[in-house]
Amino acid sequence: MRNFVFILLLTAACLAFLITGHLYWERKIEATVQAARAKVETSAKQETETSQTEVILARAKQLPAAAQAAIKRAVEEHRPIRLVIAGSESTPENGGWPERLKQALDDAYGKGVFHITVHEYDGLTTADADRQRIAADWVKDKPDLVLLEPFLLNDNGVVTIDDTLAHIKSIIDELKSAAPNAVVILQPPNPIYNATYYPRQVEQLEAFAKENGYPYLNHWHAWPDDQSEELNRYVDPQTDLPTEEGAALWADALAKRFIAQ
């Protein structure tokens, strides 16, 4: 009887040892599998993020180098690229070329990659804009990029080009003092038919941008010649503002720089 009990206890101990060992190895194998799975998932996520970053940077390769660097920084920080668009009534908050450009960026990059805010300043000259400290509006948006259409059309015949350029620099300096990483990209307003001095002022704006190291996007090559009446189809001769066709043309010209094929 005593031997039977001993054998029974020994058998139970062996079974307990086997069961415990089995559970231990099951847990160890499960832990190993989970660790391997997590490693694969992390690696896949990193590859996906790297791939997405590469796609975005490839799309942006036709933009000025400073703009590309700002976009890269935003992507690496895993947040939307904050783009502020600012300008005169040629750059409307609703129904103009900014809306069309936003749609093009959403289509090319994916919805939400760019977060776009539009600031329209109806009737302002550069002197007004500088005096009103409009750059403070943009600082609130924490921009990576500011696409600025200065108020050259409103300045035409009112503010000298030298003063216009001085005011533009003052506005940009105000922005940079509060948002040093923001990249300002200058662009001209739309052309107008049969102008004399205005095209020269636009040329001086481009020279000013190059001299001061500001990225510049010149879209005038996409419009009909400013001495051709065909331009009146794209710019209303009564208001000097883009028509619907003009807004589409302007947005398309910018999209070709923002979106490399």
Side-chain angles (χ1 to χ4, degrees), residues 62-64 67 83-108 114 116-129 134 137-138 145-159 161 164-165 167-168 171 184-206 208-209 214-259:
Q62 291 183 168
L63 286 171
L83 169 62
V84 168
I85 298 175
S88 70
E89 54 270 40
S90 289
T91 299
E93 287 188 55
N94 300 301
W97 67 262
E99 276 190 358
R100 293 173 180 269
L101 178 60
K102 180 182 184 304
Q103 185 60 57
L105 293 177
D106 284 346
D107 291 344
F114 278 85
I116 299 176
T117 307
V118 180
H119 293 277
E120 175 189 357
Y121 300 95
D122 191 355
L124 263 60
T125 64
T126 52
D128 297 328
I134 63 171
D137 298 339
W138 317 336
L145 305 173
V146 175
L147 180 57
L148 175 60
E149 173 258 305
F151 309 88
L152 263 68
L153 267 176
N154 292 344
D155 281 6
N156 192 25
V158 180
V159 182
I161 186 60
T164 291
L165 300 178
H167 287 305
I168 292 170
I171 291 168
V184 178
I185 304 172
L186 292 174
Q187 63 164 336
N190 54 275
I192 56 176
Y193 171 62
N194 204 28
T196 302
Y197 298 107
Y198 176 55
R200 298 178 197 170
Q201 293 168 338
V202 169
E203 289 175 359
Q204 288 176 274
L205 174 66
E206 183 168 11
F208 162 81
Y214 303 133
Y216 186 81
L217 297 184
N218 186 0
H219 52 82
W220 272 34
H221 64 275
W223 299 79
D225 188 275
D226 63 351
Q227 300 302 307
S228 168
E229 289 189 6
E230 184 189 0
L231 183 60
N232 291 332
R233 175 182 160 194
Y234 298 90
V235 178
D236 186 331
Q238 301 301 315
T239 64
D240 290 339
L241 298 177
T243 63
E244 187 173 342
E245 289 177 280
L249 182 150
W250 191 340
D252 185 59
L254 292 177
K256 287 177 180 175
R257 293 298 303 275
F258 272 86
I259 306 164

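What you see is a predicted model, and the numbers here were worked out from it, not measured in a lab.
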Trainee: Identify the heavy atoms of Asp128 and Gly123 that sit nearest to each other, and give their distance.
Mentor: OD2-O, 4.2 Å
Trainee: Could you tell me whether the side chain of Trp97 and the main chain of Glu244 form a donor-acceptor pair under 3.5 Å?
Mentor: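 Looks like no, no N/O pair under 3.5 Å.
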Trainee: Residues two or more places apart in sequence or in another chain: which of them pass ring pair (Phe, Tyr, Trp, His ring centres under 6.0 Å) with Tyr234?
Mentor: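 Tyr234: no ring pair (Phe, Tyr, Trp, His ring centres under 6.0 Å) contacts found.
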Trainee: After noting the C-alpha distance and the side-chain angles of Leu147 and Leu254, does the key distance pass the side chain to side chain contact (heavy atoms under 4.5 Å, CB included) rule?
Mentor: CA-CA 10 Å; Leu147 180 57; Leu254 292 177; 4.1 Å; yes
Trainee: Taking the side chain as every heavy atom from C-beta outward, state whether Asn154 and Glu89 have any pair of such atoms under 4.5 Å apart.
Mentor: yes
Trainee: Is the closest side-chain donor-acceptor distance between Asp155 and Thr164 under 3.5 Å?
Mentor: yes
Trainee: Ile161 versus Tyr197: any side-chain heavy-atom pair under 4.5 Å?
Mentor: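 No, every pair of side-chain atoms sits at 4.5 Å or beyond.
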Trainee: Gln201 and side chain to side chain contact (heavy atoms under 4.5 Å, CB included): which partner among Leu152, Leu165, Leu153?
Mentor: Leu152
Trainee: State, yes or no, whether a side-chain contact exists between Pro92 and Asp122 at a heavy-atom distance under 4.5 Å.
Mentor: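 SC-SC contact between Pro92 and Asp122 ruled out.
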Trainee: I want to know whether Tyr214 and Phe208 have ring centres closer than 6.0 Å.
Mentor: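 Yes, close enough.
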Trainee: Can you tell me how far apart CG (Leu205) and CG (Asn218) are? Round to the nearest 0.5 Å.
Mentor: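 Going from CG on Leu205 over to CG on Asn218, the span is 9.0 Å.
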Trainee: Side chains of Trp250 and Gln187 only: does a donor on one sit below 3.5 Å from an acceptor on the other?
Mentor: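 Checked: Trp250/Gln187 side chains pair up, N/O donor to acceptor below 3.5 Å.
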Trainee: Could you check whether any side-chain N or O of Ser228 sits under 3.5 Å from a backbone N or O of Leu231, counting only pairs where one atom can act as donor and the other as acceptor?
Mentor: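 Here the side-chain-to-backbone pair does not exist.
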Trainee: Between Arg100 and Ala251, what is the shortest heavy-atom contact and its length?
Mentor: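 That would be CB-CB, 3.5 Å.
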Trainee: So, taking the atom named CG in Leu186 and the one named CD1 in Ile168, what distance separates them when rounded to the nearest 0.5 Å?
Mentor: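 It comes to 6.5 Å.
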Trainee: Kindly write out the residues that satisfy ring pair (Phe, Tyr, Trp, His ring centres under 6.0 Å) with Tyr121, not counting sequence neighbours, or none if the list is empty.
Mentor: none
Trainee: Please report the interatomic distance CD(Glu149) to CG(Asn190), rounded to the nearest 0.5 Å.
Mentor: 7.5 Å
Trainee: What pairs of residues pass the salt bridge (charged side-chain N to carboxylate O under 4.0 Å, His left out) test when at least one of them lies in residues 226-241, not counting sequence neighbours?
Mentor: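 Every salt bridge (charged side-chain N to carboxylate O under 4.0 Å, His left out) pair that includes a residue of residues 226-241, provided the two are not neighbours, is Arg233-Glu245.
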Trainee: Identify, with sequence neighbours excluded, every residue that meets side chain to side chain donor-acceptor pair (under 3.5 Å) alongside Glu120.
Mentor: none
Trainee: Looking at side-chain heavy atoms only, is the closest gap between Pro242 and Ser90 below 4.5 Å?
Mentor: yes
Trainee: Between atom CG of Leu217 and atom CD of Gln62, what is the distance when rounded to the nearest 0.5 Å?
Mentor: 11.0 Å
Trainee: Would you check if Glu93 and Pro98 make a side-chain contact, meaning some heavy-atom pair closer than 4.5 Å?
Mentor: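 Glu93 vs Pro98: side chains apart.
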Trainee: Identify, with sequence neighbours excluded, every residue that meets ring pair (Phe, Tyr, Trp, His ring centres under 6.0 Å) alongside Phe114.
Mentor: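 Per chain and number, Phe114 pairs via ring pair (Phe, Tyr, Trp, His ring centres under 6.0 Å) with Tyr109.
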Trainee: Roughly how far, to the nearest 0.5 Å, is CG of Leu83 from CG of Leu145?
Mentor: 5.5 Å
Trainee: Looking only at non-hydrogen atoms, find the nearest pair between Arg200 and Thr196 and report the distance.
Mentor: NE-O, 3.8 Å
Trainee: Just by distance, do the side chain of Arg257 and the backbone of Leu63 share a donor-acceptor pair under 3.5 Å?
Mentor: no
Trainee: Would you mind reporting whether Tyr216 and Pro188 have side-chain heavy atoms less than 4.5 Å apart?
Mentor: yes
Trainee: Could you list the residues that satisfy side-chain contact (heavy atoms from CB on, under 4.5 Å) with Ala129, not counting sequence neighbours?
Mentor: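 Counting only residues at least two positions away or on another chain, Ala129 forms a side-chain contact (heavy atoms from CB on, under 4.5 Å) with Leu124, Ile134, Phe151, Ile171.
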Trainee: For the residue pair Gln103 and Asp107, establish whether any side-chain heavy-atom pair is separated by less than 4.5 Å.
Mentor: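 Answer yes - side chains close enough.
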Trainee: Asn232 side chain to Pro237 main-chain N or O, any donor-acceptor pair under 3.5 Å?
Mentor: no
